[in-house]
Amino acid sequence: MGKIRCVAIDPWRWKIPKEGQMRTDGLIYASEDMLSLIMQDQSAQQVANVATLPGIVGYSMAMPDIHQGYGFPIGGVAAFDLKEGVVSPGGVGYDINCGVRLMTTHLTRKDLSEEKIKALVDALFENVPSGVGSSRKDFSLSQGELKNVLAEGARWAVQKGFGKEQDLDHIEEGGRIPWADPDKVSSKALERGKSQLGTLGSGNHFIELGFVEEIYDEKVAKIFGLFPDQLTVFVHTGSRGLGHQVCDDFIAILLKSIQKYGIDLPDRQLCCAPISSPEGKAYLGAMGAAANFAFANRQMISHWVTETFEKFFKIPAERLGLSLLYDIAHNIAKIEHHLVGDKEIEVCVHRKGATRSFGPGREEIPAVYRSVGQPVLIPGDMGRYSYVLVGTDRAMKETFGSTCHGAGRVLSRHQAIKASKGRSISQELAQHGIYVRGASKETIKEEMPEAYKDVSKVVEVVHNAGISRKVARLRPVGVMKG
DNA sequence: ATGTAC
């Protein structure tokens with residue numbers, strides 16, 4: 001396949017016309033400025049590569065926060081027919097069910113001085129283990145109990161006293177992938193997972209304190225429980241070493257089975273298996289189990305966030321108004337029903353660095369939000385903003401109910417470290433009123449704001465394209481990084 | 001993202 005050609009459909013949509021082995025067109029959501037940035041790496045080529053996979057339904061899509069990933073681009077969305085189609089670990093990513101949850105409070109900006117914010121972030125840092133390979137000293141699981149976590153997800157955590165029953169309704173899938181198969185998770189992955197439940201991890205994972213700075217849609221904000229100057233808490237983490245190991249294990253397995261199923265791939269990183277094959281089913285089962293680990297992980301971390309708040313303010317959580325707005329997956333493959341043409345069919349939707357953005361009326365959305373659409377939570381970089389959006393009908397028609405997931409990198413980790421040489425990123429953030437506490441200095445450099453696109457520009461694209469709509473903008477004030 | 005190269 002030669003040089004990638006993008007044709008403008010409108011100011012927010014670019015088509016990669018089908019050619020060569022492609023079975024369908026590619027579709028990138030971006031502004032003209034962003035597209036020129038996107039064309040600097042291999043990500044548009046990856047969108048075209050995904051379009052060659054058997055059984056793809058609709059376009060091979062990418063969101064404006066697209067950048068190069070393993071096989072599939074990060075920011076990629078692709079749906080596959082359950083009979084003819086394939087499932088691919090590269091379409092989910094290494095951090096299976098990496099995702100975010102947003103907690104709201106009754107507290108406002110005036111309840112927290114700069115000093116209090118620092119002390120609160122420090123207290124969170126003491127109470128939630130973070131960093132590469134972090135584990136909880138007070139908590140380790142037997143293999144049997146870990147398998148219960150993998151089968152039950154956030155429900156397991158609630159049964160063990162981490163959070164409340166009503167939290168489950170405010171988590172994508174109720175915090176549990178029902179078709180997860182813990183027996184398809186290798187003993188090596190189990191070993192890595194058993195001491196890591198309830199830990200934040202590293203890289204872009206974080207706990208962020210912020211305030212509601214701007215409301216765009218008052219009606220929806222009210223339904224989501226958001227109001228101006230409100231203190232909010234973002235938690236961003238995934239399935240840690242366990243999910244990583246599942247991905248590793250199945251890439252090795254599926255690389256071997258490519259020939260067996262006669263799949264012709266432009267890039268071996270797209271290794272995959274028919275959804276209906278034993279290998280495909282095994283991957284989906286193991287991936288679902290890892291996804292459940294991540295749902296339980298975020299549920300447990302928000303319990304310790306709640307505990308930290310209660311001790312810090314010496315006020316019970318109910319009076320602080322701490323509650324879970326929503327919890328969403330960024331890296332996952334799901335079996336969902338969608339209207340394709342005039343037929344309702346089941347497809348396997350891969351979202352890799354992309355968020356579900358279901359519009360009004362879908363039964364998967366909690367009853368309290370169902371009339372307006374699901375909450376879509378978009379963390380930005382630690383120096384600028386984060387957003388709350390809402391899912392739309394247009395997303396249902398166009399993107400299998402999907403939108404962007406964040407800002408998207410513009411500098412690689414290595415480039416970011418180079419760009420931050422001789423600077424103190426923590427001090428620069430402090431000058432903007434943001435306190436950051438990290439497990440490692442290196443991570444803070446890798447995660448410097450300029451390593452990311454401006455998330456407001458990413459959000460502008462998905463809002464104008466109509467695949468999700470702006471509800472509120474949040475401003476970070478205190479960040480705990482892994 | 002990741003016991004950042006078993």
Quickly work out the A/N297 CG to B/dT2 P distance and round it to whole Å. 10 Å
Separation of B/dT2 P from A/D248 CG (nearest whole Å): 13 Å
Just call it for A/G238: base, sugar-phosphate, or nothing, with non-hydrogen atoms closer than 4.0 Å on any strand. nothing
Within the structure shown, what part of the strands sits under 4.0 Å from A/R413 by heavy-atom distance: base, sugar-phosphate, or nothing? base
To the nearest angstrom, how far is A/F293 atom CZ from B/dT2 atom P? 11 Å
Using whole Å, what does the distance between atom P of nucleotide B/dA5 and atom CD of A/Q245 come to? 14 Å
Distance alone, cut at 3.5 Å: any donor-acceptor contact between the side chains of A/S31 and A/D33? no
If you measure only the distance, is there a donor-acceptor pair under 3.5 Å linking the side chains of A/Y452 and A/E447? yes
Calculate the interatomic distance between A/H414 atom NE2 and B/dT2 atom C1'; express it in whole Å. 19 Å
Round to the nearest Å and state the distance from A/Q196 atom CD to B/dT4 atom C1'. 14 Å
Applying a 4.0 Å non-hydrogen cut-off, can you work out what A/E191 is touching in the nucleic acid: base, sugar-phosphate, or nothing? nothing
Pair A/D122 + A/R437: basic N to acidic O under 4.0 Å: yes
Which whole-number value in Å describes the distance from A/Y70 OH to B/dT2 C1'? 14 Å
Would you check if there is a donor-acceptor pair between the side chains of A/N49 and A/Q46 at a distance under 3.5 Å? no
Distance, rounded to the nearest Å, where A/E442 contributes CD and B/dT2 contributes P: 16 Å
Name the nucleic acid region contacted by A/S202, choosing base, sugar-phosphate or nothing; use a 4.0 angstrom heavy-atom cut-off, strictly under. sugar-phosphate
